[in-house]
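Keep in mind that what you see is a predicted model, and the values were worked out from it rather than measured.
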Amino acid sequence: MELKTPLYAWHEAHGGRMVSFGGYVLPVQYQDGVIAEHKAVRAHAGLFDISHMAEMTLEGPDALENIQRIFTNDFRNMKKGRVRYTLMCNEKGGILDDLVVCKMDEDRYFMVLNASNRAKDAAWIQEHLEGDVRFTDISDSTALIALQGPAAPAILARLAEPAVIPEKYYTLVEDGRVGDISCIISRTGYTGELGYEFFCAPADAQRLWELLLATGAPDGLVPCGLAARDTLRLEAAMPLYGHEMDEDTTPFQAGLHFAVKMDKGDFIGRNALDGMEAPDVVRVGLEVTSRGIVREHEDIYLGEKKIGHTTSGTMCPGIGKAVAMAYVEKEASAEGTELEADVRGRRIGVKVIALPFYKRT
């Protein structure tokens, strides 16, 4: 049975077109459509219901030791209130999931993971725990709302005291308060824009959502659906699990070297990844140079040689052109390389360009 977030009724009542995603029913867009929502986030601000995301905690004297062994990044120098992106790999070095780890205290960590991987991730983490540590899946008792866009700081400043607004990217305040609503406030997001994410009790989600919308309306804040979230993250070249990552893809192929610390000591997947830092196949950005749009699962050719496939692709409203991400053989990955995508039997010209396609200035 598909799940509903605490904001389901609000989405339906306000014109959200509901679709299945990650085991939940969520709005893909509202009445003004994905292009208007996308541009609102780039120019003003957008509000996203991402309560489908999974949240889990690890607590206890051996919490850090377990995080070091189960995830690929290094958390030893992480300060309280910091957020760190990491990967969770299997023994073969394939990516089981990507996630962020938040340090709430010296022996208490909070993790945000992909909704579609929730059961798999929970089972994997619990199976590999050692020592004095306690795991809890708090997904059902946590709602999550994202405020993204250049107007986000001004909107939040009208609702929260300066002391509870995180100043730096990838930091959080645990005892936050927006209006009279208690929540964790983190300066994180998945759009390429400055923004915040609010973790609150499900019972408070609609009140928080409506408070943010009412306060941000004069700044151009609009509710946004899954479609805009996808075009925004693609412009920013942020990988999505199930597209740019899966259990057969290594972090090095995905271009996520920064999240793997081979010198930190042992972790699950390290032995397999050792010596694989220079993969034969790599993730690249493609600009469509002829008429058409290239989507995921299209074969990529160099002349008559098939050298890869796309993982995500669409027309991106913010940069005004069609782009895609793809895995191609390393020899064909240099910027400027002219390639072709086979879209239902028709060849469309594409060119390798630098990632990200869009970067906030």
Please examine the side chains of [Y] and [X], heavy atoms only from C-beta on, and report whether any two atoms are closer than 4.5 Å.
X: Val323; Y: Cys316; result: yes
X: Pro239; Y: Leu256; result: yes
X: Arg82; Y: Phe75; result: no
X: Val350; Y: Val294; result: yes
X: Pro251; Y: Ile95; result: yes
X: Leu208; Y: Ile145; result: yes
X: Val100; Y: Thr188; result: no
X: Leu26; Y: Thr5; result: yes

Practice task
Quick one: do Ile184 and Val173 satisfy side chain to side chain contact (heavy atoms under 4.5 Å, CB included)? Show the steps, please.
Solution key: CA-CA 6 Å; Ile184 298 171; Val173 174; over 6 Å; no
Taking the side chain from [X] and the backbone from [Y], do they hold a donor-acceptor pair closer than 3.5 Å?
X: Asn73; Y: Arg84; value: no
X: Lys103; Y: Met78; value: yes
X: Gln68; Y: Gly265; value: no
X: Asn117; Y: Leu113; value: no

Answer yes or no: are there more than 12 heavy-atom neighbours, outside [X] itself, under 6.0 Å from its atom [atom1]?
X: Asn77; atom1: CG; value: yes
X: Gln31; atom1: CD; value: no
X: Leu194; atom1: CG; value: yes

Practice task
Can you see which heavy atom on Ala236 is nearest to which on Gly192, and at what distance?
Solution key: CB-CA, 3.9 Å
Practice task
Please name the pair of heavy atoms, one in Ala115 and one in Gly22, separated by the smallest distance, quoted to 0.1 Å.
Solution key: CB-O, 3.9 Å
Does the pair [X]/[Y] count as a salt bridge with the N-to-O cut at 4.0 Å?
X: Arg229; Y: Glu37; answer: no
X: Lys120; Y: Glu247; answer: yes
X: Glu338; Y: Lys351; answer: no
X: Arg347; Y: Glu304; answer: yes
X: Arg233; Y: Glu244; answer: yes
X: Lys80; Y: Glu174; answer: no
X: Arg207; Y: Asp180; answer: yes
X: Lys306; Y: Asp299; answer: yes
X: Glu12; Y: Lys4; answer: no
X: Lys39; Y: Asp32; answer: no
X: Arg177; Y: Glu161; answer: no
X: Arg118; Y: Asp140; answer: yes

Practice task
Classify the angle between the aromatic ring planes of His257 and Phe252 as parallel (below 30°), tilted (30 to 60°) or perpendicular (above 60°).
Solution key: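 Tilted: the ring planes of His257 and Phe252 meet at 30° to 60°.
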Exercise for the section: May I have the step-by-step check of ring pair (Phe, Tyr, Trp, His ring centres under 6.0 Å) for His14 and Tyr30, ending in yes or no? Expected result: CA-CA 8 Å; His14 291 80; Tyr30 296 89; 8.2 Å; no
Problem - From CA spacing to verdict: side chain to side chain contact (heavy atoms under 4.5 Å, CB included), Ile307, Tyr301 - result: CA-CA 5 Å; Ile307 51 92; Tyr301 285 84; 5.7 Å; no
Problem - For Arg17, side chain to side chain donor-acceptor pair (under 3.5 Å) partners two or more places apart - result: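 Partners of Arg17 under the side chain to side chain donor-acceptor pair (under 3.5 Å) test: none.
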Problem - Set of residues satisfying salt bridge (Lys or Arg N to Asp or Glu O under 4.0 Å) with respect to Asp246, sequence neighbours excluded - result: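 Asp246 satisfies salt bridge (Lys or Arg N to Asp or Glu O under 4.0 Å) with no residue once adjacent residues are dropped.
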Practice task
Measure the spacing between CG of Leu144 and CG of Asp49 and express it to the nearest 0.5 Å.
Solution key: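 Reported to 0.5 Å precision, the distance equals 8.0 Å.
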Handout entry: Step-by-step side chain to side chain contact (heavy atoms under 4.5 Å, CB included) determination, Thr249 to Tyr327
Key = CA-CA 10 Å; Thr249 304; Tyr327 280 101; 3.4 Å; yes
Handout entry: Sequence neighbours excluded, every pair satisfying ring-ring contact (aromatic ring centres under 6.0 Å, His included) that has a member inside residues 194-237
Key =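 Checked against ring-ring contact (aromatic ring centres under 6.0 Å, His included) - neighbours excluded - the pairs reaching residues 194-237 are Trp10-Trp209, His11-Trp209, Phe110-Phe199.
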Practice task
Indicate, with yes or no, if the rings of Phe258 and Tyr85 have centres closer together than 6.0 Å.
Solution key: yes
Exercise for the section: In sequence, state the C-alpha distance, the side-chain angles, and the governing distance for Ile67 and Leu58, and then conclude on side chain to side chain contact (heavy atoms under 4.5 Å, CB included). Expected result: CA-CA 8 Å; Ile67 286 172; Leu58 284 176; 3.8 Å; yes
Exercise for the section: Spell out, yes or no, whether Ile50 and Tyr8 are grouped together once hydrophobic residues are joined by side-chain heavy atoms under 4.5 Å, including indirect joins. Expected result: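 No, because Ile50 and Tyr8 fall into different hydrophobic clusters, even though each may have its own neighbours under 4.5 Å.
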